[in-house]
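What follows is one structure encoded as structure tokens, with my remarks underneath.
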Amino acid sequence: MDLTRIRYEKRDRVAHVTLDRPDRRNAMDLRMHEELARVWDDFEADDDLWVAVLTGAGDRAFSAGQDLKELAARIEGGTAAPSTFGSRGKPGWPRLTERFQLAKPVIARVNGHAFGGGFELALACDVIVAADTASFALPEAKLGLIAGAGGVFRLTRQAPYRVALGHLISGRPMTAARAYELGLVNEVVPAAELDACVAGWVADVLRCAPLAVRAVKQAAAAAATMPLEQAFATRFPWEERRMHSEDAEEGPRAFVAKREPRWQGR
């Protein structure tokens, strides 16, 4: 795939996606966004991949966010157009933060600073596992910018509003422990145990039927802002596939036979 900013490996139904600019704290330049889009396209299309793990190279940063050196150079060169929410029309669209129909689960392995766009990338994932040395921040307002990749929207939905707004208008960082207290992170472990913890989450997800996992993710996301009565009455595409699938019959049969289910994803 001619990737220079991303490492992309497929093993045992798992897509391992690594932001690979450790010398720049895995800051995201336009090239990285373009490569990530190709990776997410491939992940979504590959029926053999059931879950992805997203992380950053090295132990200093998950991602420091936007490559500000590149942005400053574009400003000086007169090629930086005004930007606001979303990435439509920019390299890498739709970015993970706007792939609202991606039903396969993505687990964030946060191994250091997740700042700016890095935090927004993690917030767009379904499960976040962090090292106890990790930290999170949306410092865009300090730079005259805005957390336009979803930070303004997701943080205020995933954390108590007043707490979230405080971080957004001050740029104050939070520790991994604080993020866990706020419900932003699923688990925090010592850095030496991070890989084992992530592997445990992956194994648990893979024990579940892939169509059921996708149906749950899609329905939960779509129904989050619906009245409960409307949610019950809504037909969700992945749930329509799951309910008529062979896997929906395989699970109960395996349970009665006291054996592990053999999921087919159909």
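Counting from 1, the numbers follow the sequence of the chain as shown.
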SB check D2 R31 (cutoff 4.0 Å): yes
Going by the ring-ring contact (aromatic ring centres under 6.0 Å, His included) test, which pairs reach into residues 56-112, not counting sequence neighbours? F85-F153
Compare every heavy atom of C125 with every heavy atom of V106, then report the nearest pair and how far apart it is. O-CB, 3.5 Å
Straight-line distance of L36 CG to M32 CE, nearest 0.5 Å: 6.5 Å
Given L3 and Y8, is the side-chain contact (heavy atoms from CB on, under 4.5 Å) satisfied, shown in steps? CA-CA 8 Å; L3 302 177; Y8 182 39; 3.7 Å; yes
Determine whether more than 12 heavy atoms belonging to other residues, nucleotides or ligands lie under 6.0 Å from atom CG of D12. no
Of V51, V213, V216, the one forming a side chain to side chain contact (heavy atoms under 4.5 Å, CB included) with C208 is V213
Less than 4.5 Å apart, side chain to side chain, heavy atoms only: is that true for L96 and L54? yes
For H113, which residues count as a ring-ring contact (aromatic ring centres under 6.0 Å, His included) partner, sequence neighbours excluded? F115
Could you tell me whether R241 and D247 have a side-chain N and a carboxylate O separated by less than 4.0 Å? no
Looking at every heavy atom in both R13 and L206, which two are closest together, and how far apart are they? CB-CD2, 4.3 Å
Is any side-chain N of the basic residue among R207 and D204 closer than 4.0 Å to the acidic one's carboxylate O? yes
Which atom of A122 lies closest to which atom of V110, heavy atoms considered: CB-CG2, 4.4 Å
In chain order, what residues pass the side chain to side chain donor-acceptor pair (under 3.5 Å) check against H244, with sequence neighbours excluded? none
side-chain contact (heavy atoms from CB on, under 4.5 Å), that's the test. Do F136 and L123 meet it? Break it down for me. CA-CA 10 Å; F136 303 85; L123 288 172; over 6 Å; no
To the nearest 0.5 angstrom, please state how far the CG atom of L194 sits from the CG atom of D132. 9.5 Å
Taking all non-hydrogen atoms of both residues into account, name the closest pair between G116 and P139 and its distance. N-CD, 3.5 Å
Closest approach of R5 to R21 (non-hydrogen atoms, all atoms of both residues): CD-CD, 3.5 Å
What is the minimum heavy-atom distance between L182 and P160, and which atoms define it? CD2-CD, 4.0 Å
Once you round to the nearest 0.5 Å, how far does CG of L211 lie from CE of M243? 13.0 Å
Flag if over 12 foreign heavy atoms under 6.0 Å of CD, E193: yes
When rounded to the nearest 0.5 Å, the distance separating NZ of K142 from CD of E140 is 11.0 Å
Using side chain to side chain donor-acceptor pair (under 3.5 Å) as the criterion, list what pairs up with E70, not counting sequence neighbours. none
Residue pair H16 / V53, side-chain heavy-atom distance below 4.5 Å: yes
Can you sort out the partners of R259 under side chain to side chain donor-acceptor pair (under 3.5 Å), two or more places apart, ordered by chain and number? E250
Report the residues that fulfil salt bridge (Lys or Arg N to Asp or Glu O under 4.0 Å) with E98, sequence neighbours left out, ordered by chain and then residue number. none
Using 4.0 Å as the upper bound for N to carboxylate O, is an ion pair formed by D126 and K217? yes
Atom CZ of R99 with >12 non-hydrogen neighbours under 6.0 angstrom: yes
SB check D29 K69 (cutoff 4.0 Å): no
